[in-house]
> 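Just dropping this structure here.
Just so we're on the same page: letters track the sequence lines, and every chain starts at 1.
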Amino acid sequence: MMQEDITNRILDAQEHPEHYTDEQLEEILAEADNLALLKRAMEMEDTNCENIDVEAEWAAFEAKHPEEKTIGKPISNHIRMKVAASTIGIIFIAGAAFAAAVGLGIISNPFSTKIEPKQEMIALVKTDTIAEKNDTIVSMPVKQEAKTQIFDNVKLEKIIAEISRYYHVEATFANEEAKHIRLYFEWDQAKSLDENIDILNSFQKITITRDNNKLTID
Amino acid sequence: MERKQISMLFRQHYRHMYSLARTILYDEQESKDVVSDIFERLLYSDIVLREDTAEHYLLTSVRNSCLKRLQQKSNRERIEKLYAQERNVMEEPEKDEERLKALANFAHTHLTLQQQTVFRLRFIDGKSYDEIGTEMGISRVAVWKHLSRLTQTIKEQFKTSEL
């Protein structure tokens, strides 16, 4: 197609997109790259000349998120992770000391051939991000009523399956690729479904929308 | 993140973030929403930003958030509003801005004033050919010719230079 024809097609499609199929519009969009960039450049110029009242925008933001909302928020994930890590560390050291004492004959082994753990505890195992089979789901009891379940390098498909079962909602993936996104995610069961959805939505590639008992993942 | 730090980052970087969002989404309110959402996420998260990397993080967040919104738009909307494709929004915000400045400069030096005016009225203000013709005192055909000519000029420039 001659250059002029391409230009004419772009301008015509821009004025009358209804005359073209979706596939044709896709092609035309690729041809209109340069114009689109010029529009971006001019928009940037215009914006730089505008008087943006940043203080007014901050006031609006503060009004939307008053100080009281953020006071008394639950223990942050960061602190919880530190507590969990410290707990594991202390238990391992205690266990190692015990084993050493038994080994040195200082203490006789109170257990028979089988060791029966009195407390449910599974160590947190870091997985290789490349290995397909190494999904690890561990439970770390933080408080008695609700657990924090840690998903380490687990596919979003699996995470959503667990969460939707727990909160009794249905989940549908609108985007097939999203199923295979792997995450490190600490699922705090004490938090509401909406709170956990917000946390998952902070990942750039994930969009979850809720309509009553249905979740849609993009 | 502490409210005090949010307030500092907001005041330091809002203008820049909003400007970037506008160059991708064009709409004032949508652009403000994107920036506001990013600060909202920071307010309720444990993310800690270092001073030297905060700007880059914030601008990259704007870019990603805007492109995510563009993914929801139909092809018809994309051609009507002339939204940029993802490949035309460089990953490095600083390089992206440099390129846009170079292009704006090129437009000012290589396009006639009439061509620039027609471009703004059509692609930024969204006016019809008839409205543009009336405003500029030229025929509809003349409007088309200006647009056609400037499109070719820009295309040739892209072929021959680093734009």
> Would you mind checking which part of Glu97(B) comes under 4.5 Å of any heavy atom in chain A, side chain (CB onward), backbone (N, CA, C, O), both or neither?
both
> What part of Leu111(B) lies closer than 4.5 angstrom to a heavy atom of chain A: side chain, backbone, both or neither?
side chain
> Measuring heavy-atom distances to chain A, does Ser7(B) have an atom under 4.5 Å in its side chain, in its backbone, in both, or in neither?
both
> Sort Ile6(B) into side chain, backbone, both or neither according to what part of it lies under 4.5 angstrom from a heavy atom of chain A.
both
> Run the side-chain contact (heavy atoms from CB on, under 4.5 Å) check on Tyr129(B) and Leu11(A) step by step: do they pass?
CA-CA 11 Å; Tyr129(B) 283 76; Leu11(A) 296 180; 3.8 Å; yes
> So, applying side-chain contact (heavy atoms from CB on, under 4.5 Å) with Leu37(A), which one of Val89(B), Leu103(B), Thr23(B) is it?
Leu103(B)
> Chain A heavy atoms under 4.5 Å from Glu40(B): which part of the residue, side chain, backbone, both or neither?
both
> Do Arg3(B) and Glu62(A) meet the salt-bridge criterion of a basic N to acidic O distance under 4.0 Å?
yes
> Pick one of side chain, backbone, both or neither for Phe39(B), based on which atoms fall under 4.5 Å of a heavy atom in chain A.
both
> If you measure from CZ on Arg15(B) to CG on Asp53(A), what distance do you get to the nearest 0.5 Å?
8.5 Å
> Does a salt bridge link Asp218(A) with Lys68(B), judged by any charged N lying under 4.0 Å from a carboxylate O?
no
> Could you measure the distance from the CG atom of Leu82(B) to the CG atom of Leu35(A)? Nearest 0.5 Å is fine.
6.0 Å
> At what distance, to the nearest 0.5 angstrom, does CD1 of Ile154(B) lie from CG of Asn34(A)?
7.5 Å
> Heavy-atom distance under 4.5 Å between the side chains of Gln85(B) and Leu29(A), does that happen here?
yes
> Examine whether an atom of Asp198(A) lies under 4.5 Å from a heavy atom of chain B, and if so say whether it belongs to the side chain, the backbone or both; otherwise answer neither.
neither
> Nearest 0.5 angstrom please: Arg120(B) CZ to Lys39(A) NZ, how far?
11.5 Å
> If you tally heavy-atom pairs under 4.5 Å against chain A, which of Leu150(B), Ile47(B), Ile38(B), Ile124(B) wins?
Ile124(B)
> When rounded to the nearest 0.5 angstrom, what distance separates NE2 in His108(B) from CE in Met42(A)?
6.5 Å
> Could you look at Ala30(A) and say if it's the side chain, the backbone, both or neither that has a heavy atom under 4.5 Å from chain B?
both
> Quick one: what part of Glu55(A) sits under 4.5 Å from any heavy atom of chain B, side chain, backbone, both or neither?
side chain
> Say you draw a straight line from CD of Glu80(B) to CD of Glu18(A); how long is it, rounded to the nearest 0.5 Å?
8.0 Å
> Using non-hydrogen atoms only, which part of Glu26(A) is less than 4.5 Å away from chain B: side chain, backbone, both, or neither?
both
> Identify which part of Val35(B) has an atom lying under 4.5 Å from any heavy atom of chain A, answering side chain, backbone, both or neither.
neither
> Hey, are the side chains of Gln14(A) and Leu147(B) touching, using non-hydrogen atoms and a 4.5 Å cut-off?
no
> Which region of Lys32(B), side chain (C-beta onward) or backbone (N, CA, C, O), has a non-hydrogen atom less than 4.5 Å from a non-hydrogen atom of chain A, or is it both or neither?
side chain
> For Phe10(B), is it the side chain, the backbone, both or neither that has a heavy atom under 4.5 Å from a heavy atom of chain A?
both
> Below 4.5 Å from any heavy atom of chain B, which atoms of Asp12(A) appear? Answer side chain, backbone, both or neither.
both
